[in-house]
2 protein chains.
Amino acid sequence: MRVSLKDVAAHAGVSIKTVSNVVNNYQHVTPAMRERVQRSIDVLGYRPNLAARHLRKGRTGIIALALPELGNPYFAELAAAGIDAAAAHDYIVLLDHTGGHREQEILVSQGFRARVIDGLILSPIELETEDLLDRAENVPLVLLGERDYDLPYDHIAIDNVAAARDAVRHLNGLGRREVAFIGARRGRSEPAQLRVRGWREELTAAGLPADDGLVAATDGWGHADGAAAMNRILESGRRPDAVFAYNDPMAIGAMRVLHERGLRVPEDIAVVGFDDVVEGRFGAVTLTSVSPDKEAIGRLAVESVLARLGGNEMPEPRRVRADHRLVERESTLGRAAANGGGRG
Amino acid sequence: MRVSLKDVAAHAGVSIKTVSNVVNNYQHVTPAMRERVQRSIDVLGYRPNLAARHLRKGRTGIIALALPELGNPYFAELAAAGIDAAAAHDYIVLLDHTGGHREQEILVSQGFRARVIDGLILSPIELETEDLLDRAENVPLVLLGERDYDLPYDHIAIDNVAAARDAVRHLNGLGRREVAFIGARRGRSEPAQLRVRGWREELTAAGLPADDGLVAATDGWGHADGAAAMNRILESGRRPDAVFAYNDPMAIGAMRVLHERGLRVPEDIAVVGFDDVVEGRFGAVTLTSVSPDKEAIGRLAVESVLARLGGNEMPEPRRVRADHRLVERESTLGRAAANGGGRG
DNA sequence: GGACGCCTGTATAACGTTGTAAAAGTCCAG
DNA sequence: CTGGACTTTTACAACGTTATACAGGCGTCC
């Protein structure tokens, strides 16, 4: 059986509490006593029983990080950053995936999937505001990602509108005048996605078309969804000279379709993605992408949720903006000044 | 404060244990009593305290899954499969990443990173046999992946030698006679990697060269490592007509280098990867790859470790083979019968 | 009709830890 | 050498749950 404080206490000839004091670096322990107890600890190979500690302290030392999809490298990198940030605070991360499905997201937000956690970081896709109103759970919640909720929870994200505008402005600067958007989510009550909004704002400001025919809604957000959306746009008869995708996998899926149809990137159609995943740097045509500071997002999310644990004072919910920048690569290369000229 | 069994018991006017019995679906509870207690549970919104349950039962309901790198979609998909398989058994998965570094892998195997777990699934990269000999930890361990340890732990993997031979045989069948291998790990005491072995065996059996000049060792196993390795091979003066890579990201990195140098895939050089990640299906040249049954691996690993929890009888350690198949795509297309003819 | 067994429900004692309060020990001033 | 102030260590009670053992109630079998 595992060795407990009791065993160590017996071995060292002291009380249980003294051993506990040594383990917890309690201030008032004489060096002699500390060493004696420590020796017993080492000899017996004592390791604290976390379940008991958790029961006693009411904390588990675990926070959950619920992401839509681990297969998307963006989330994988985010997860890695979160795990490391948590480890720095002696916290462990329980990773979960929702598939971006509303029911799963609700389950997670209500704490029904992982019930051993002190705090929760959730990156929702389909979750609606009302789903969080009756949140019975009392563990702190921090939200991540593009969706914007008017709720008293911390929210960590980049400025998605500004980032989308950066991307579109970059395309416009290359002389592209018809910029399609791939990846509006289908069936969303309000098309309030910030990236679509940024796309629309920037185009409108530039006096360029931003009609619905240029927006392709999708069911998911993987390569295949991007490819299908690209196909749909082209089959509609539109011939945009640029595509801005909701994320990199979708952009890459779209580029595959363009390749199959003999359209050249960037000569015929420039492409910009979002998230700056590694994959985009190694295709036949490397991908220009909006690069969020993933490390910062992961770290800020963890620090944010841990801060909520401390006191009951419940400070004002915070909207934290992480940095982003546009990384230009081959998919939007060249033809900088050669605008105006058709590409016949 | 949270509501406990005691509160429910008081509300329902029964003993604590009776409430516990209802919660645990204990057999001998009258329907009337069950309903009465259940009503109190619902009214008060009781939710079991897992820390207390864990302390009492000695189980936490959590297993750890430690993978080298979440950024590699292969592992991300594996993780997703593991999480779902565990959920089917009411278990929760604690995901961890080692970076493939030996110290981290040792830490994980000794249980120093996550100490709340009932079992551990580890996919080691650099870990050596001796690191597991003095494993003090008593939680069951299941190993995953390519490395083969002669130790009394369950091991789940595909037949890596056979899979590698399949890939090389496929290339040979296309008339390719000089097949390079990308991704032998640098600094490994014995080059016992199974995939290299399969590559060598198949080539040798076919009477083709399998010398060290065709093997490119790498530090890591990402896109950039594959690209660097490909560059090194080409700069050495060798002109292989096929490349077999340790995994898909490396294969894709290699293809990028070939593209930059104006070498065509598959016309000049055919490429085969390993793992069949989604990314390989959407490049300008889709990637032929060995496709392990990830869902099965994740599921088998979880079931294996859960099986070890049950009894103390410690059955014989098992080597479980998951299925694999070769998925042929554009990177090895055509020129089937056109062998023999040089390529200019 | 009484003894026996089965079915329900209850009291109590753990599981291993930490917080509280009090006991024991130490030190110094008077 | 005694009293007081302070430091170190201890005993004990929680935290919320489940296992064990046992007490009643009821039916059943001779």
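Chain naming here is simple, since letters A, B, ... match the order of the sequence lines and numbering starts at 1 in each. No hydrogens, no waters, no symmetry mates; every other heavy atom, side chains included, goes into these values.
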- Message: Between C1' on dC7(C) and CZ on R34(B), what's the gap in Å once rounded to a whole number?
- Response: 13 Å
- Message: I want to check something: taking the side chain as every heavy atom from C-beta on, are H97(B) and P68(B) in contact at a cut-off of under 4.5 Å?
- Response: no
- Task: Dump the intermediate steps for side chain to side chain donor-acceptor pair (under 3.5 Å) on H28(A) and N21(A), then the final yes or no.
- Result: CA-CA 8 Å; H28(A) 301 299; N21(A) 286 339; over 6 Å; no
- Take T18(B) and A52(B), find for each the nucleotide of DNA chain C with the closest heavy atom, and name the residue whose nucleotide sits nearer the 5' end. T18(B)
- Message: Can you see if the side chain of S20(B) gets near the phosphate of dT17(D) - specifically, an N or O under 4.0 Å from OP1 or OP2?
- Response: no
- Message: Could you tell me how far apart R56(A) (CZ) and dT17(D) (P) are, to the nearest whole angstrom?
- Response: 16 Å
- Query: I16(B) has an atom CD1; how far is it from atom P of dA14(D), in whole Å?
  - Reply: 13 Å
- Message: Rounded to whole Å, how long is the line connecting atom CG of N49(A) with atom P of dA14(C)?
- Response: 17 Å
Can you give each donor-acceptor pair under 3.5 Å made by side-chain atoms of residues 32-45 of chain A, sequence neighbours left out, with the distance rounded to 0.1 Å?
residue: R34(A); atom: NH2; partner: Y26(A); partner atom: O; Å: 2.9
residue: E35(A); atom: OE2; partner: R39(A); partner atom: NH2; Å: 3.0
residue: R36(A); atom: NE; partner: A12(A); partner atom: O; Å: 3.1
residue: R36(A); atom: NH2; partner: A12(A); partner atom: O; Å: 2.9
residue: R36(A); atom: NH2; partner: G13(A); partner atom: O; Å: 3.3
residue: Q38(A); atom: NE2; partner: D42(A); partner atom: OD1; Å: 3.1
residue: S40(A); atom: OG; partner: H11(A); partner atom: ND1; Å: 2.7

- Going by an N to O cut-off under 4.0 Å, is there a salt bridge joining E303(A) and R308(A)? no
- How many Å lie between CG on L50(A) and C1' on dT18(C), as a whole number? 14 Å
- Message: From the set dT18(D), dT10(D), dT8(D), return the single nucleotide nearest to any side-chain atom of N21(A).
- Response: dT10(D)
- Contact under 4.0 Å: N24(B) side-chain N or O vs dT18(D) OP1/OP2: yes
- Rounded interatomic separation in angstrom, taking CZ from R59(A) and C1' from dC15(D): 15 Å
- Item | First of V23(A) and K6(A) reached from the 5' end of DNA chain C, by closest nucleotide | K6(A)
- Note on the structure: Between CG of L5(A) and C1' of dT10(D) the distance, given in whole Å, is 14 Å
- Side chain of K17(A) - closest among dT17(D), dT18(C), dG9(C): dT18(C)
- Message: For a quick check of understanding: with a heavy-atom distance under 4.0 Å over all strands, which category does Y46(A) fall into, base, sugar-phosphate or nothing?
- Response: sugar-phosphate
- Message: With a 4.0 Å cutoff (strictly under), does any side-chain N or O of S15(B) reach OP1 or OP2 of dG9(C)?
- Response: no
- Query: Taking only N and O in the side chain of S4(B), is any of them less than 4.0 Å away from OP1 or OP2 of dC15(D)?
  - Reply: no
- Message: Between C1' on dA22(C) and NE2 on H28(A), what's the gap in Å once rounded to a whole number?
- Response: 16 Å
- State, with a plain yes or no, whether a side-chain heavy atom of V93(A) is found less than 4.5 Å away from one of I63(A). yes
